[in-house]
Structures are given as structure tokens and as C-alpha cells.
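Take a look at the structure set out below.
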Amino acid sequence: MKPNIAGRLHATLDLLDEGFALYRRSFTGFVLVGLAWLTPIAIVTGLLIANAERLGPGWFIVIFLAGLILMLPLLIYLIGGLSRAANAAIEGRPIDLRETLAIHPAVVAKAGCFTVTYGILMQFVSSLLGIVCICPLYVMGGIASVALVAAPDSSGVVQAVLLIVIGLLFTGMYLLGFIIGGIGYSSLLYALQPWLIERLRFGEAMERSVDLIRFRLRRNLLAWGLSALLVFAVGIPVSLAVGVLIPLPALLLLGAESSLAQAVAGTAWLFGLALVLPPWLISMTLLYRRNLAARSGADLTRRVAAWRENADSR
């Protein structure tokens, strides 16, 4: 069992390392694809923030609700563009903005329907896992908290131990919830690959998504969880740095109450998102392509061909 676990972990780390190597190699192309979809959102967001007082609460709410409705297709376009860019980088081709951005509205509509359905299912499964895995930690943390409050006269060592136990339990609870959520969102990005990088009919794309989610499920779960943790671990500091440092001059000159300064801050956060998202999509595209090759036998065919070449050379 241990070699199998070690083998899956090594393969997953290799996949993540290859994903970051592809990101570094085609950094400009990936950022441009991300900005191509995030720039309109940034402009609209900045205009709304800057003109919130002029629009009044009524029109502001209407525009805000319309933005929420348009958010799903815009996210599908963003995910699709980055997935196609990742596909080109994996194949060794230069990232062509025109190719990556040319996603047919019908593809977006089908992927959107799948996203809504999968999202509902994902929330149900995540909630169920949260109840099964997180609730026991919550109960034990509550018991330890009651014990700490009920024994105020106990020794300092006992109180220190109880505080450490409470801290570990609640830290584990939040970390476990974070991992479950990360696995859910990573699996969604993975499951969207057949819809966005291949030309399949609705039924074919649905069948392939479900089939490749189940294929090598334990390895997939490990890859989904580690990719989300790694991207968030690297991405949160980067987003904070970009979101704080870029708008800092405007905030100092104009003040925090300035609409222009707030618009610059919102734009900076979206730019940070453009820097953080590509590695996540690259790793999921890599995982999809590897599983598809292994599932279809293409990987075995390639290995046999390589073995024959080595045998002939000898």
C-alpha cells in the first residue's frame, strides 16, 4: 500500500511541477489570455464603483444583478481560454490569443448547463463530507472548550493542554473544510475540459467527463486537493501583494473614500487573479490529458513504440 501511495504522490507532484514549468515558459501568453477576459470585468467594475452615487441605489442594484447573471458565461469563457492556452503549451505550440478566445456561444451554453448541474451536486457532496468529517472535530472542540470553561481553577498545565487541543481541533476543522472545497472546485475545472478543449456533442462530453472523473479516482482526488492547496498557498500572497501594492499610491494620494482609488484597487485584485488562475487550469488540463491518454490506450501505445525503438537501436 505504501509504495502505491508514494507513487501516486510522486506522480502528482511531477504533474504540478510540470504545470508550473509550463506557466513560467509561456507566462506572457497565459497572463494575456486571463487579462483579455478580466479586463472588461475590471472596466465595468471600476465604472460602477466610480459612478455608484450618480446611478443611485435602484440602477446600481439592477446592474449588479445583471452582472451576476453574466458572471457564469464570463467565467466559462475565462476557464475555456486558459484551458485552450494550456493545451497549446502542453503540445509545444505558441499560445494564439485568437484561437484561445474563439469559443462558440453554444459551447459556453453547454458548459454552463453542465457547470450548474455539477455545482449543485458538488455542493451536496461537499456538505455531506463536511458533516461526516468536520462535525466530529467541531464536537470535540466544543467539549474541550466546555471543559476549559468548567475548570477555571485547574492547573496551568491542564489549561495550556486544553487550549492547544482546541486550537489544533479548530485548525484541523478549517483546513479540512478548505481541502474539501478545493477538491470540489478542482474537480469542476477538470470535468470542464472535454467541453472546452474538444469538439464533442453534449452526450459525448458528458460521458467523457463522468468517465474520466471515475478513472483513477484516488489519484484524481490527490491531484485535485494538492493543486488547490498549492495554488492557494502561492496565489493568496501574490494576490495580496498585487492588490495592496498597486493601489497604494492612489489610496495615499486620493484617500480610501475616493471612488477612483477604489476602482484602482478593484482592478489590481483582478490583475492578481489573472496571475493566480493559470497554474490551476494548467495542472487540470495536464491531468485530463494524461488520464485520457491512459484511458484510451494511447499512453500504452506510446510506451510500446518507445520500447521497440530502443530494442531496434540495440
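For clarity, every value in this text was computed on a predicted model and none was experimentally measured.
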Using every non-hydrogen atom in the two residues, find where Ala274 and Leu35 come nearest and quote the distance to one decimal. CB-CD2, 3.8 Å

For Trp280, side-chain hydrogen bond (donor to acceptor under 3.5 Å, both in side chains) partners two or more places apart: Ser186

With side chains defined as the heavy atoms from C-beta onward, is the minimum distance between Ile79 and Leu277 less than 4.5 Å? no

What heavy-atom pair brings Arg84 and Glu99 nearest, and what distance separates the two atoms? NH1-O, 3.5 Å

Can you check whether Pro278 reaches Phe27 side chain to side chain, under 4.5 Å on heavy atoms? no

Could you grab the distance from atom CD1 of Ile90 to atom CD of Glu18, nearest 0.5 Å is fine? 7.0 Å

Measuring only between side-chain heavy atoms, which start at C-beta, is Phe20 closer than 4.5 Å to Ile282? no

Residue pair Leu286 / Leu15: nearest heavy atoms and the distance that separates them: CD1-O, 3.7 Å

Between Leu229 and Leu13, is there shared hydrophobic-cluster membership here, with clusters defined by ILVMFWY side-chain heavy atoms closer than 4.5 Å? yes

Taking Phe30's backbone N and O only, do any of them form a donor-acceptor pair with Tyr23's side chain (distance below 3.5 Å, no angle check)? no

Examine Leu82 and Leu97 and state if one hydrophobic cluster contains both, with Ile, Leu, Val, Met, Phe, Trp and Tyr joined whenever side-chain heavy atoms are less than 4.5 Å apart. yes

Could you go through Met206 and Leu200, starting from their C-alpha distance and side-chain angles, then the distance that decides it, and tell me whether this counts as side chain to side chain contact (heavy atoms under 4.5 Å, CB included)? CA-CA 9 Å; Met206 178 70 76; Leu200 300 174; over 6 Å; no

In this structure, CD of Gln193 is separated from CZ of Arg208 (nearest 0.5 Å) by 12.0 Å

Starting from Ile213, can I reach Val210 by hopping between I/L/V/M/F/W/Y residues whose side chains sit under 4.5 Å apart? yes

Look up atom CG in Leu217 and atom CG in Leu222, then write down how far apart they are to the nearest 0.5 Å. 11.5 Å

Any Ile95 side-chain heavy atom under 4.5 Å of Leu32 side chain: no

Decide yes or no on side-chain hydrogen bond (donor to acceptor under 3.5 Å, both in side chains) for Arg289 and Asn87, but give the supporting numbers first. CA-CA 9 Å; Arg289 286 174 60 96; Asn87 196 49; 2.6 Å; yes

Minimum heavy-atom distance Ser283-Leu16, with the two atoms named: CB-CD2, 3.9 Å

Considering all heavy atoms of both residues, which atom of Ala111 and which atom of Ile76 are nearest to each other, and what is their separation? CB-CG2, 3.9 Å

Joint cluster assignment, Leu128 & Ile183, ILVMFWY side-chain distance < 4.5 Å: no

Please collect all side-chain hydrogen bond (donor to acceptor under 3.5 Å, both in side chains) contacts where either partner lies in residues 100-110, sequence neighbours excluded, each pair once. none

Residues Tyr118 and Ser187: closest non-hydrogen pair is OH-OG, 2.8 Å

Rounded to the nearest 0.5 Å, how far does CG of Leu226 lie from CG of Leu221? 11.0 Å

In this structure, are over 12 heavy atoms from other groups packed under 6.0 Å from Glu198 atom CD? yes

Using a 3.5 Å distance criterion without hydrogens, assess whether the side chain of Asn220 forms a donor-acceptor pair with backbone atoms of Leu287. no

Go through Val116 and Leu72 one step at a time and tell me if the side chain to side chain contact (heavy atoms under 4.5 Å, CB included) criterion holds. CA-CA 9 Å; Val116 172; Leu72 178 60; 3.7 Å; yes

Aromatic centroids of Tyr185 and Trp224 separated by under 6.0 Å: no

Treating Ser209 as the side-chain partner and Ala191 as the backbone partner, does any N or O pair qualify as donor plus acceptor under 3.5 Å? yes

Measure the OH-CD1 distance between Tyr288 and Ile197 for me, rounded to the nearest 0.5 Å. 5.5 Å

How far does CZ of Phe202 sit from SG of Cys113, to the nearest 0.5 angstrom? 6.0 Å

